[in-house]
Structures are given as C-alpha cells and as structure tokens.
Amino acid sequence: MRVKEMIARNTRLPGQLLARTLFEGTPERVAPRLLGKLLVRRVGERELLAGRIVEVEAYLGPHHETPDPAAHSHRGPTPRNQVLFGPAGHAYVYAIYGRYFCMNIACEPEGRAGCILVRALEPVMGMEQMARNRGLPALEFREGHNRAFPPLPLERRKDGAPDLRMLAGGPSRLCQALGITRAAHNGLDLLDARSALQVRDDGFCAGRVRVTARIGIRHAAELPLRFCLDGHGCMSGPRQMRGLVMVLG
DNA sequence: AGGCCGATCCTCT
DNA sequence: GAGGATCGGCCTA
C-alpha cells in the first residue's frame, strides 16, 4: 500500500481516474465520451507520456443489435480477442500488418465485447520521448513553448522537422509514440492507479464532436461510428470528412 | 499444412 | 494517389 501511494505521488499523474460505469455502456455511447480524456503511459517510476484522445472508433460486439463484421469480436472469442469479452475498461492491444500495434478499450459488461479503437492523440506530456519512440528527428521548441503544447501547425513544415500531428495521430502511431505493445500492455486495466497505462480525466470538456464513417475497413464501412473533436489538428485521415456534428450534453 | 489478408505507415510519383 | 513491407491469426482443406 505504501509503495502504491509513493508511485502515485511521485509520478504525479494528471487528472483522475474514470469510473468503470462509464465504459459499461454500448460502444457507440461510450466512444464520444472518451474524447478529451488523457491516455497516460507510465514508464518506470519517473517518466510520463500522455496524450489527449481526439479521435476514436466504436466496434460493436456480437451481442449488439447491429451486426459489425469489422469488429475483431464479430465471430466470438478467440485467444487473440479474449480481453474484449472481459470486463470494461481493459486494454486490447493487437498487432497489425506485421509491424504495428493498435489499442482498444473494452466496453460493456463481461461477456459482451464492444470496444473503442483509439485513433489519435494530441501529445500533452513527454513529446520529446514520443518523437524518439517514433524514430523522428528531435523536436525543436521555441522559447516558452517547451511546457505548454505549442500551436499546432496545420501544414507540414517545410524544413522537414516532424509535424506534431504525426507524433500520435493514427492508431499505430500513437502506440509507437507511447511505446504500447501487445506483450507489455494487452489486458491491462486502464482504470487502475497502479497500471502502466491509464485513461484519466483532467477536466477538459469536449466541444463539438464530428461523427463519420470509420476509416480503413472493408466491412460495415458505412456505419457512423468514428468520433473526433471537430476540426482538431491531430486527427488522422482526410481533413474534411462527411458527417454529423453533435454537442455532448 | 497452407493461403489469405488486415481497425497501418511510409515513400515515391 | 498508389504500392510495398511484413507476420500473426483465422479459415479452409
């Protein structure tokens, strides 16, 4: 207990943990509520990497009334996707294309397998380490901008320096930036203060949320299950995408 | 046992 | 905008 408290204090994690009930709803209900939350990676006892969730996609479990053949859980439990059928709030990390990882958050009560794919983060803490993790050149910060997040460039920089959007904009880019792997992080409880990977709330209020079709899938490609902070510079995919705008209440 | 293919990213045109 | 890298998981035989 003492050790846990020391870790919690020494790392000074931003914000606070979320309630598990938030994740026990259906994925299309949970997804927009994750926008603006922080995904926090603890590295050892001191280092902290964090990004604000600006884009997510919902994937519907096999019990959902709407079939979702794009979901990994669509055909029922397998050794790979078993975390999705467990309790809400746990990380499902899988490998894709032989070289990358993607991270999901399990939703719904145990036995149901809806989930949220985290697709893009706005880097908040540890940007320099994120750039190193991504194999990008060192970031250069202007005077006074090394603490607060610098303004987002909306166009690629001409000098070849990394576009800050590219640090963690994209489901595999964000895993690379935070050092998330299947071996180390699949199954972790994101709502446990001792976990190396957590979702936390620092009070940020999501404004307008854009709802569009999901990206990069073949099946059920029309379902409006992608949610992003409208117009945010760090979202992945096409800049202008057809969709509805909702305001969270 | 073998084949297919993906919730991606990067490079090049 | 197109194509290649690269391999684990899942399906078929």
Side-chain angles (χ1 to χ4, degrees), chain A residues 26-28 30-32 34-35 39 51 53-62 64 66-85 90-108 113-121 123 130-137 155-187 190 210-228 234-241 243:
Chain A
T26 55
E28 74 274 25
V30 176
L34 288 183
L35 294 174
L39 182 61
I53 298 172
V54 302
E55 179 188 355
V56 297
E57 285 178 355
Y59 286 86
L60 311 179
H64 198 283
T66 302
D68 185 4
H72 284 190
S73 61
H74 180 59
R75 299 171 190 269
T78 68
R80 176 175 68 151
N81 67 18
Q82 62 172 344
V83 172
L84 294 179
F85 290 85
H90 289 249
Y92 166 54
V93 183
Y94 70 93
I96 188 169
Y97 293 104
R99 23 173 59 174
Y100 302 113
F101 295 100
C102 294
M103 198 204 95
N104 296 253
I105 304 174
C107 293
E108 303 187 298
C115 67
I116 312 296
L117 170 70
V118 184
R119 282 197 60 93
L121 304 177
M130 289 189 199
R132 283 192 289 271
N133 289 346
R134 294 266 295 113
L136 298 172
E155 306 297 333
R156 181 174 288 280
R157 288 173 55 166
K158 293 170 185 169
D159 60 5
D163 186 331
L164 287 173
R165 286 183 302 179
M166 296 296 106
L167 267 188
S172 293
R173 290 193 185 107
L174 72 89
C175 285
Q176 195 172 48
L178 297 192
I180 297 171
T181 65
R182 176 169 173 85
H185 302 110
N186 186 50
L190 298 168
R210 180 163 293 270
V211 188
T212 77
R214 295 176 294 186
I215 291 178
I217 55 172
R218 300 160 51 105
H219 304 293
E222 277 64 41
L223 296 179
L225 293 175
R226 173 173 173 262
F227 304 83
C228 49
C234 288
M235 77 178 71
S236 70
R239 304 306 307 161
Q240 309 286 357
M241 200 165 165

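By convention in this document, chain letters (A, B, ...) are assigned in the order of the sequence lines, proteins followed by strands, and residues within each chain are numbered from 1.
- The distance from atom CZ of A/Phe101 to atom P of C/dC7 is 12 Å, rounded to the nearest whole Å.
- The interatomic distance linking A/Asn81 (CG) with C/dC10 (P) rounds to 6 Å, in whole Å.
- Distance A/Leu84 CG to B/dA7 P: 13 Å, rounded to the nearest Å.
- Listed nucleotides B/dA7, C/dG9, B/dC10 differ in distance to A/Arg134; the shortest reach to its side chain belongs to B/dC10.
- One finds a side-chain N or O of A/Arg119 lying less than 4.0 angstrom from the OP1 or OP2 phosphate oxygen of B/dT8.
- With both ends at atom P, the span from B/dA7 to C/dG1 equals 22 Å, rounded to whole Å.
- One can place CD1 of A/Ile96 at 13 Å from P of C/dG9, the figure rounded to the nearest angstrom.
- Checking B/dA7, B/dC9, B/dG6 against the side-chain heavy atoms of A/Tyr100 singles out B/dC9 as nearest.
- Side-chain atoms of A/Arg80 lie closest to C/dC10 of the nucleotides B/dA7, C/dC10, B/dC10.
- Straight-line distance from the CZ atom of A/Arg182 to the P atom of C/dG9: 6 Å, rounded to whole Å.
- Side-chain atoms of A/Arg134 come within 3.5 Å of backbone N or O of A/Met166 as a donor-acceptor pair.
- Formation of a donor-acceptor pair under 3.5 Å by the A/Glu55 side chain with backbone atoms of A/Met235 is not found in this model.
- Summarising the geometry, the separation between CD1 on A/Ile180 and P on B/dC9 is reported as 13 Å, rounded to the nearest angstrom.
- Taking side-chain N and O atoms only, A/Arg99 has no distance below 4.0 Å to OP1 or OP2 of B/dC9.
- The A/Pro171 side chain lies nearest to B/dC9 when the options are B/dC9, C/dC10, C/dC11.
- Within the shown strands, C/dG4 is the pairing partner of B/dC9 under the Watson-Crick or G-U definition, both distances less than 3.5 Å.
- Atom-to-atom, CE of A/Met166 to P of B/dC10 comes out at 8 Å; the value is rounded to the nearest Å.
- The shortest side-chain heavy-atom distance between A/Arg182 and A/Arg80 falls under the 4.5 Å cut-off.
- Across all strands shown, A/Ala95 has no heavy atoms under 4.0 Å from either base or sugar-phosphate atoms.
- Proximity of A/Leu121 to A/Met130: side-chain heavy atoms (C-beta onward) are nowhere separated by under 4.5 Å.
- In this structure, A/Arg173 atom CZ and B/dT8 atom C1' are separated by 8 Å, rounded to whole Å.
- Using a 3.5 Å distance cut-off with no hydrogens or angles, the side chains of A/Glu28 and A/His64 do pair a donor with an acceptor.
- Minimum atom distance to the side chain of A/Tyr97 is reached by B/dG6, of the listed B/dA7, B/dG6, C/dC11.
- Backbone-only engagement by A/Arg75 is indicated by non-hydrogen atom pairs under 4.0 Å involving sugar-phosphate atoms exclusively.
- Distances were taken from every side-chain heavy atom of A/Thr78 (C-beta onward) to each of C/dC11, C/dC10, B/dC9; the shortest belongs to C/dC10.
- The side chain of A/Ser172 lies closest to B/dT8 when the candidates are C/dC11, B/dC10, B/dT8.
- The side chain of A/Asn104 lies closest to B/dA7 when the candidates are B/dA7, B/dG6, B/dT8.
- Between the side chain of A/Ser73 and the backbone N or O of A/Ala113, at least one donor-acceptor pair lies under 3.5 Å.
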